[in-house]
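Below you'll find the structure, written out as structure tokens, and then a few comments.
Computed over heavy atoms, backbone and side chain alike; hydrogens, waters and symmetry mates excluded.
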Amino acid sequence: MAVEELQSIIKRCQILEEQDFKEEDFGLFQLAGQRCIDEGHIDQLLEVIQNEKNKVIIKNMGWNLVGPVVRCLLWNNKEDDKRKYFLMLDLLIKLCNPKELLLGLLELIEEPSGKQISQIILLLLQPLQTVIQKLHSNKAYSVGLALSTIWSQLSLLPVPYSKEQIQTDDYGLCQCCKALIEFMKPFLEEVTDERENSLENEKLKDELLKFCFKSLKCPLLTAQFLEQSEETENDPLRCFASEIIGFLSAIGYPFSKMIFNHGRKKRIWNYLEFEEEEDKQLADSLASLAYLVFVQGISIDQLPMVLSPSYLLQFNMGHIEVFLQRTEESVFSKGLDLLENSLLRIEDNGLLHQYLEIKSFLTVPQGLVKVMTLCPDETLRKKGLAMLQLYINKLDSQGKYTLFRIMASLNLLRYLVIKDNEHDNQTGLWTELGKIENNFLKPLHTGLNMSKAHYEAEIKNSQENSQEVQKSKEFCSVTVGGEEIPNMPPEMQLKVLHSALFTFDLIESVLARVEELIEIKTKSTSEENTGIK
């Protein structure tokens, strides 16, 4: 019955001109074709598709059969049937309108979830590539739409983080990454062809660039790589990273260009849309790229030898800051590795204190303190401490003092006094102790005493005047430290003032504990040196 219905529709449409096809014809063709597939009439459907007389009909209507054919390929395990379905898919890709096919294939890619995502992507990447190459206009837009759709689906898959997970690749992410490289290669060849220099070619280059940076963020930002001592060619995610970095160089954006552009006002992107995205969207991608080059050593041989260790550290500190702001252990551990890699290039006491005028040179050690205190993984906590000690060792004398002062000073100081003994002096803390006491701890004592006295006086005045204020007007104002507190009810002002006093008490208690620890440590070291038991 289904075959007869299909033959009837075909017979009626064969006598019509292409422009005379009606919407009803499309619907009837799709229903009849679907029924042929459901009832197993594969050979008869193949005959209809291969018949030269039906060429115009298949060109306009055949794309509706792609969905049913693809679903049969995913679920049908009979090898003979699968061979016929593959043949049918190839014919439809060859004969149908490429614009309709493109939208149909992308809709199919968007449908699945879980492990089916990789199955359908692996099945449709080659047909999708063929369809896009047949398009004569808007190729850049089509490539961008396809890559964006694929990336959106792949970003839903879990990224394997252990050697076993990478090897088993249960969700197919690694296979998809490998297939994606092959999918992109013909379009990369187009933009690198010196004979082509059109606006459309530049737009295609832009779409490839955007996808490269999306890939650096997902999956490569959270991806874990096999040890470099192992066979790196067997690490699919590392191979993917290497290809992506190679693509960046091929389309005119090598890593060295980004380094030389670092800190300049002029952006390296050609298109305004990409410029606007750089600060908001690409920070993670650029951090991932820096990690891949400096820590994993991918394409590091392309870097010019003239770059100083201090410049490279300055370049990487912003990326390290990005890593340490993330909560995933797999991500901020990369920040620790990148910091270690950058610091080991610098001699002890060789990092000038002027670098601490750059924001990231102060926020990174604050991030290290968070890792040391909040990270649940003991290994990473110890690594955070080791990196902070290494960082302090690289600073010159003035830099060490400055760092102890613009950071969350007392808590850091307390932590370092506890962890670093005077005879070890791994952080250089004890060398600078005199400066810290005279220029930080003593002035802090004085400031706390003055501030507490001022706020206590304001509380007293506020309490004495509260009765009069309530009689005369509902709100009042108080000046503290030359700044007028905004008008608020007296009860609220008292709460604010008491809260400030409480904060001062907390600071004072930490300060007292720091001074106590310093006294205990210095006394202990003195007794050891004089031989007192």
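- At a threshold of 4.5 Å between non-hydrogen side-chain atoms, the residues L307 and F315 do not count as touching.
- To the nearest 0.5 Å, atom SG of residue C36 and atom CG of residue L46 are 11.0 Å apart.
- Note that the SG atom of C177 and the CG atom of L157 stand 9.0 Å from one another [nearest 0.5 Å].
- At distances below 3.5 Å, not a single donor-acceptor pair connects side-chain atoms of N138 with backbone N or O atoms of S142.
- At most 12 non-hydrogen atoms from other residues, nucleotides or ligands lie less than 6.0 angstrom from OH of Y161.
- Among residues two or more places apart in sequence or in another chain, the salt bridge (Lys or Arg N to Asp or Glu O under 4.0 Å) test is passed with E111 by R71.
- Between L147 and F183 there is a side-chain heavy-atom pair separated by less than 4.5 Å.
- The pair E328-R326 meets the salt-bridge criterion, since a charged nitrogen lies less than 4.0 angstrom from a carboxylate oxygen.
- The shortest distance between side-chain heavy atoms of C174 and L237 falls below 4.5 Å.
- The environment of NZ in K82 is crowded: more than 12 heavy-atom neighbours from other residues, nucleotides or ligands sit within 6.0 Å.
- Ring geometry for F361 against Y391 counts as tilted: the plane angle lies between 30° and 60°, on a 0 to 90° scale.
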Point to revise | Full working for side-chain contact (heavy atoms from CB on, under 4.5 Å) between C72 and I37 | key: CA-CA 8 Å; C72 286; I37 291 173; 3.3 Å; yes
Give the table of side-chain donor-acceptor pairs shorter than 3.5 Å for residues 95-109, with sequence neighbours excluded, one pair per line with atom names and distance.
| unit_1 | atom_1 | unit_2 | atom_2 | d |
| --- | --- | --- | --- | --- |
| N97 | OD1 | K99 | N | 2.9 |

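- Side-chain rings of F294 and F255 approach one another, their centers coming within less than 6.0 Å.
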Exercise for review: For salt bridge (charged side-chain N to carboxylate O under 4.0 Å, His left out), just list the numbers for R35 and D38, CA-CA rounded to whole Å, side-chain angles, deciding distance to a tenth of an Å, and then say yes or no.
Suggested key: CA-CA 5 Å; R35 287 188 62 190; D38 292 342; over 6 Å; no
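- Between the side chains of N341 and R345, a donor-acceptor pair is found at a separation under 3.5 Å.
- The structure places OG of S330 at 7.5 Å from CG of L221, a figure rounded to the nearest 0.5 Å.
- Annotation for F247: atom CZ counts as buried by contact number, over 12 foreign heavy atoms lying within 6.0 Å.
- No side-chain donor-acceptor contact under 3.5 Å links S256 and Q302.
- Not one N or O on the side chain of E190 forms a donor-acceptor pair closer than 3.5 Å with the backbone of L204.
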Point to revise | Check against side-chain contact (heavy atoms from CB on, under 4.5 Å), F211 and M184 | key: CA-CA 10 Å; F211 181 75; M184 294 175 66; 3.5 Å; yes
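- Other residues, nucleotides and ligands place no more than 12 heavy atoms under 6.0 Å from the CD atom of E378.
- Shown here is K178, whose NZ atom has no more than 12 heavy atoms of other residues, nucleotides or ligands within 6.0 Å.
- Note on residues 41-58: pairs passing side chain to side chain donor-acceptor pair (under 3.5 Å), not counting sequence neighbours, are Q14-N54, E39-H41, D43-K84.
- Annotation: side chain of S148 is in contact with side chain of K214 (closest heavy-atom distance under 4.5 Å).
- For the 3.5 Å distance criterion, the side chains of Q314 and Y355 fail to qualify, holding no donor opposite an acceptor.
- Between the S342 side chain and the L313 main chain, no donor and acceptor come within less than 3.5 Å of each other.
- Checked for salt-bridge contact, E347 and K394 miss the test: no charged N lies under 4.0 Å from a carboxylate O.
- Distance alone, capped at 3.5 Å, is enough to place a donor-acceptor pair between the E200 side chain and the K139 backbone.
- For the pair F323 and D284, the minimum side-chain heavy-atom distance is 4.5 Å or more.
- Side-chain atoms of K134 come within 3.5 Å of backbone atoms of I93 as a donor-acceptor pair (strictly under, hydrogens ignored).
- Formation of a donor-acceptor pair under 3.5 Å by the T149 side chain with backbone atoms of L145 is found in this model.
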Review point. Yes or no on salt bridge (charged side-chain N to carboxylate O under 4.0 Å, His left out) for E340 and K383, after CA distance, side-chain angles and deciding distance?
Key: CA-CA 10 Å; E340 181 178 30; K383 178 88 179 262; 3.3 Å; yes
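- In this structure a side-chain-to-backbone donor-acceptor pair under 3.5 Å is missing from N316 to H319.
- Formation of a donor-acceptor pair under 3.5 Å by the D235 side chain with backbone atoms of F225 is not found in this model.
- Although no hydrogens or angles enter the test, the distance criterion places no donor-acceptor pair under 3.5 Å between the side chain of T192 and the main chain of A250.
- Between the side chains of Q354 and E357, not a single donor N or O lies within less than 3.5 Å of an accepting N or O.
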Review point. side-chain contact (heavy atoms from CB on, under 4.5 Å) between N234 and Q167: does it pass, once the steps are laid out?
Key: CA-CA 9 Å; N234 293 330; Q167 290 174 340; over 6 Å; no
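- Between the side chain of W63 and the main chain of L92, no donor-acceptor pair closer than 3.5 Å is present.
- With rounding to the nearest 0.5 Å, the separation of CE in M387 from CD1 in I320 is 10.5 Å.
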